[in-house]
Amino acid sequence: APISTPRISNATQTFGRETVRLGAGFIPNVQFAPIYVGLEKGFFQEEGIELELSYGFENDYLKLVGVDEYQFMLGSGDQVVLGRAQGLPVRYVLNWYTRFPVVIFSKAERNITTPADLAGKTIGIPGAFGASYVALRGILEAANLTEQDVRLESIGFTQAAAVSEDRVDAAVDYAVNGPVVLRLAGVPVNEIALDDYLVIPSNGLVTNERTIAERPDLVQKMVRALQRSIAYTLANPDEAFAIALKVVPEAGGENEAANRAVFDASLSFWTPKPGQTPGATDLADWQATVEFMQRIGLIDAAVDAESLFTNQFITEE
Amino acid sequence: MAVFVAEQISKRFVDGPRPLQALLPVSFEVEAGEIVCLVGPSGSGKSTLLRIMGGLIEPDSGAMWFEGEPHRAPNTAIGFVFQKTNLMPWRTVLQNVLLPIEIQHKKVTEADRAHAEALLATMGLKEFEHAYPRQLSGGMNQRVVLARTLMQRPRLLLMDEPFGQLDALTRERLNLELLRLQAAQKITIFMVTHSIPEAVLLADRIFVLSERPGRLIAQVAVSLPRPRTLAMMSTPAFGEIAMQVRRWIGETPDFDEATQSSRAVETLD
Amino acid sequence: MAVFVAEQISKRFVDGPRPLQALLPVSFEVEAGEIVCLVGPSGSGKSTLLRIMGGLIEPDSGAMWFEGEPHRAPNTAIGFVFQKTNLMPWRTVLQNVLLPIEIQHKKVTEADRAHAEALLATMGLKEFEHAYPRQLSGGMNQRVVLARTLMQRPRLLLMDEPFGQLDALTRERLNLELLRLQAAQKITIFMVTHSIPEAVLLADRIFVLSERPGRLIAQVAVSLPRPRTLAMMSTPAFGEIAMQVRRWIGETPDFDEATQSSRAVETLD
Amino acid sequence: MFEVSKDEIRYRPRPSPLPAWRAWSSRYHTYLLAPLTLIGMVALWAWLVEWRAYPPFILPSPALVWRKFLSMAAGSLWLHVGVTLLEIALGLAIGLSAAFVLGYLLGKHRSLERIAAPYIVASQSIPVVAIAPLIVIWMGSGLVSKVAVTALITFFPTLVATIVGVRSVDPDLRDLMRSLRATRGQMFWKLELPAALPMILGGLKLSATLAVVGAVVGEFMGATAGLGYLINLGRGVLDTPMIFVAIFMLVLIAQALYLAVLLLEARLLHWQR
Amino acid sequence: MFEVSKDEIRYRPRPSPLPAWRAWSSRYHTYLLAPLTLIGMVALWAWLVEWRAYPPFILPSPALVWRKFLSMAAGSLWLHVGVTLLEIALGLAIGLSAAFVLGYLLGKHRSLERIAAPYIVASQSIPVVAIAPLIVIWMGSGLVSKVAVTALITFFPTLVATIVGVRSVDPDLRDLMRSLRATRGQMFWKLELPAALPMILGGLKLSATLAVVGAVVGEFMGATAGLGYLINLGRGVLDTPMIFVAIFMLVLIAQALYLAVLLLEARLLHWQR
Ligand SMILES: Nc1ncnc2c1ncn2[C@@H]1O[C@H](COP(=O)(O)OP(=O)(O)OP(=O)(O)O)[C@@H](O)[C@H]1O
Ligand SMILES: Nc1ncnc2c1ncn2[C@@H]1O[C@H](COP(=O)(O)OP(=O)(O)OP(=O)(O)O)[C@@H](O)[C@H]1O
Ligand SMILES: [Mg+2]
Ligand SMILES: [Mg+2]
């Protein structure tokens, strides 16, 4: 795609440091604790990066990175596949979430514990797209079910309420969201995690081809800083949580317990799998993801899995 | 035999820059089939009195009876011609004239349309049935209002300067038409006018209202025989009555008959 | 010496149910300082002619000159009293009267306020300066309009039935006031009225418009001496002129002098 | 006193130059300029894409959107249009009816307005998205909730317009109707409605346009069909041309509704000139 | 002809029973009923939470929201309120100015309206969220984009109201002003504006209320402060009472703006009665 916008348009040099904007998720949240840790501990500064966090929609940021309006964003693998399929020159350079964070959850009393239990059930889902749809189809596939075998209800982002008030039998949501909310409200919950059935590269650092080609040093610095941040967070969870609370004070106070629960649940998603090089992803997983997404119709044609990611910036400790 | 009785009706407006006594208590009776003309200086409370009689505003004191019944709200047997031409701009002339029928009978029959068209023809507006009010002249609109009120077949007609915007000849023609109608249908008429000759030509009695605050200072009986004709206007009796009325209008409430009689008696209109 | 010249002015309205010739080509001149009264049946095109003269609507044909200049748009030296009382409901009486000053001089001085108050006093509205139009009677509002127009100190005054809603006495008083003002300030006046006596009392010449479509069928010169007084109204000369005008109004465009002279000559108003 | 030379100026008989020009302008301006500006807009859009070299996923070219439209039109596009139209129709029907009735009452009784206004204003200033869970719980995630959101959004403009309209009724005409002893219903149908029409139609213009927004906001809460769903889907699968096709369908619906109000206006207010 | 017994009915001197009741109703209704209905609403809300046993993450109780408000008021709440207020103020300033100017022009020239309306309608029916990337590219993700969205949303109601208002000016008064040779400016300030005020104020009521929605929609595109941000934050940190506090602040701002218009109305339209 022709990109004629000025190089690192938003990056300015200040005191020998470079301002880099990172398109993060929707809202400040303890789930971004590693970033906050990196900022607080100076991991980014040590790389000469003045990191500026920007909050918005993942799909908007993917496009903005695609046109080099932004150089970096946090996004999940399936989004990168989608982006590539639509011609966005984006590439995944660092894995952060080692397991796909979306689950199907339900009240324990419903006894929905395996994909097969979903047959004939009403499942709430934000919409037939995005991470939740990927997870739903992946989990259904594991039991050889299709969308016709369940009743889908598009409930937007109201999963906790919908499950709590029995409008649906189960709902697709981030593991650290709906299920945590219900448990905190004293409702026992069952979860079915996609990652148990299908490995899809999850959230990580995404940049574009141009930045990789013209500023590999910058990518390298970003990857290094973020890796250090994640590692430090995993090593010092209490401190990391405290740092996150400083950035997001609203998560403290009477919300601390809930957010600590979210944070603790997140930690397990950030922990490298046995045998995995921290930050790296597998070509096989990408290939499986592409095939899966083609199968469920999210993309029309195959995408070259090699073009989706690179492990070249991963530094092994 | 009084079709309309007013007793000690008064009105004070309090929403202006200072409270204003528009009407001091007035009492009068109007006999069935009678024509009463109300004259008085501008701002003396003529319109206010008419609006009270029509049940459109509440008096501060007093009581009224219409056809023997206590009266305080509008009545379909009472037709009202307002001082300000009030036609609906979104209705054609004919539709405006048919409004009272629509309101009172819900359905407009062919007979009603024919009646409306006849009335408009009487008013000299035959070709303008389908025009909108803004396409007519001031006097033409005033005639539409007259037709609309007559459409209602009222038993009591309250009229506030109904002929003010008409030229002399049209005015005379309509005066005679009104007299004919009134005689034929036994309508009672209570009418505000600024023209003393008109008042004398039409009325059985002429009420004179004093300067603000309005007070009924005279009820002049017009003893001319009926049916009235334009020719009567040149009789001495006519001139005599006109002169008498004119004297009353010129009076301050505490007038002195002697000094007043020396006033000029020419009527300007 | 003509302050206003109209040549072959005509007007046809095409937006009604059918096209309507309101005014056939009319031509006339108005001399400086002259008072011309325009009379004619309702709907004959008087208001239309005045609006054309004021530059408010375009004639279909013809040309006009004002003070020697070609004239086709409104001019601040021309004051206009409209047939329909047009006061701004959100302005008090005083603010309404001061409107022309605000428009023409941007600033309202103390002298202007004093002038406005004096004019209102002349109109008998001293206590109503701060009232809103809806709190006044019809005739009172009409007097406010008069005051507003005079405020403008026009050199030519176009008036469309300016005294229509006033009682006989107030009307006479204002007639005389107008004559005084006109003499003092050398205003030229062109005025529509339905009252023939009023026309004779005020005018140097009386223009008579025929029934629709309007045509200037007569220009009657009023040879009464100036200053005019109310007493003149009872002179034979006055009656003679009034009678003459009345005959003309009654005419159809193709009139027959012989048959017309036998008409009744009593003026009703 | 003044010298007059009569040949200086002269009105020529109709058609005079000015009216002729006006006739031209009022006749041809609209019929010629409207498509011309449309073409200009599309050209501007195409040029913008060209000039800034925007990739299709940011701003697709007109040609691309057109191709996408053709392929979607052969598919399920009309189904989605139909769903959104249904939501709009029902939402408008409910929202406008409520607006007329309540607007009439509040217009007649100022004290009622002062009591009700705070709640009406509140209902309009609460972001739908923030209370989506409550809406889903109370109304489900089906048609009802979308219709409710559309009705809520279309309600307000027509309500306010009706209040203003009812208050602007000429008191002289009100007196006339009272003197004729018109019933409340007659007062409404024969006086207040026609007199308030210019304002009400203004409110309808707003409501008609906002109805589209209402349906989309409703669908954004979660839907399985409709143009708002298409937009979300397009965002989800990063198919920007699809988003633009959906947007254009929305714009077309809004235009059609607006045009309907304009036609109604031309028909009902022809007496106004 | 009729028998009259004069003692049957008699108007008593003021204060007569009817006016007295009216005076009571207009004086006490509003000052008493307003707080009463408010208390009723809160009670209803508390009862609803109790009855349906809603957990706080669905619908927090009034008491919970109040406590949350107190703790937030001691913290950064006012900062967020300030940010949203700034966006609203700037958005209103821009949106309303544009609406007045354009509304005046379109009101005077019907053919202009027919040309411009399609684009204005289009601008109002495109969901902001669908073109968020373009907005970010063109206007950044800071204050500018939020102000732009607010201005866009507040623009339309006042535009339409101004058009309707300008068209409803009494032609007789227009003639008067023409006969006085009023300039365009005078025509506007001395006639068209005061005559159109009742309608324009109606439009302002809508714009004022929608300004709040505009700011929130703008902040929903991505923000770091403001009440819309608080709502999202509340969703992020699983704090439903926080969402409700933000909603209530929004509602309060909308109320205040609406009240401001009501006061303006009382001041400017006192001549209307
Ligand atoms: N705007 C208009 N559109 C169409 N026809 C009109 C318009 N204005 C006036 N007319 C027609 O032109 C004719 C003359 O009207 P005009 O107002 O000049 O009469 P007039 O002499 O002033 O009458 P009046 O004494 O009743 O006021 C009437 O027949 C009227 O119907
Ligand atoms: N709505 C009102 N509010 C306040 N004052 C009013 C109101 N209506 C009339 N008035 C006052 O009451 C007095 C009488 O008014 P009214 O209209 O009855 O006079 P009128 O005799 O009909 O005069 P005209 O012959 O000029 O029509 C006037 O001084 C007027 O200012
Ligand atoms: Mg009166
Ligand atoms: Mg006229």
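Computed from heavy atoms alone, side chains included, the values below leave out hydrogens, waters and symmetry copies. The chains referred to below are lettered A, B, ... by the order of the sequence lines, with proteins before strands, and numbering in each begins at 1.
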Query raised in the report: What part of A/Ala161 is in contact with chain E, defined as an atom under 4.5 angstrom from a non-hydrogen atom: side chain, backbone, both or neither?
Result: both
**Report entry** Which portion of A/Val30 sits near chain E, non-hydrogen atoms under 4.5 angstrom
**Finding:** neither
Requested in this report: Decide whether a cation-pi geometry holds between A/Arg21 and A/Phe72; the criteria are a distance under 6.0 Å from NZ or CZ to the six-membered ring centre and an angle within 45° of the ring axis.
Outcome: no
Query raised in the report: Counting distance only, does the side-chain N/O of A/Tyr61 pair as donor-acceptor with the main-chain N or O of A/Gly56 below 3.5 Å?
Result: yes
Query raised in the report: Is a side-chain N or O of A/Trp96 found less than 3.5 angstrom from the main chain of A/Trp270, in a donor-acceptor match?
Result: no
Report summary line: Okay, E/Leu233 and chain A: the region with an atom under 4.5 Å from a heavy atom over there is both
Query - Engaged part of E/Met242 at the chain A interface, taking heavy atoms whose separation is under 4.5 Å - result: side chain
**Report entry** Top contributor to chain E contacts, counting heavy-atom pairs under 4.5 Å, from A/Asn59, A/Val180, A/Val187, A/Leu64
**Finding:** A/Leu64
Report task. For each of A/Leu53, A/Asn259, A/Asn29, tally heavy-atom pairs with chain E at distances under 4.5 Å, and name the one with the top tally. Result -> A/Asn259
**Report entry** Side-chain H-bond candidate by donor/acceptor type, A/Ser202 with A/Ser76, under 3.5 Å
**Finding:** no
Requested in this report: Would you tell me whether A/Tyr70 and A/Ser54 have side-chain atoms, one donor and one acceptor, within less than 3.5 Å of each other?
Outcome: yes
**Report entry** Minimum-distance pair of heavy atoms, taken over all atoms of A/Asn208 and A/Val65
**Finding:** ND2-O, 2.7 Å
Report task. Against chain A, work out which of E/Lys68, E/Arg235, E/Met221 has the most heavy-atom pairs shorter than 4.5 Å and name it. Result -> E/Lys68
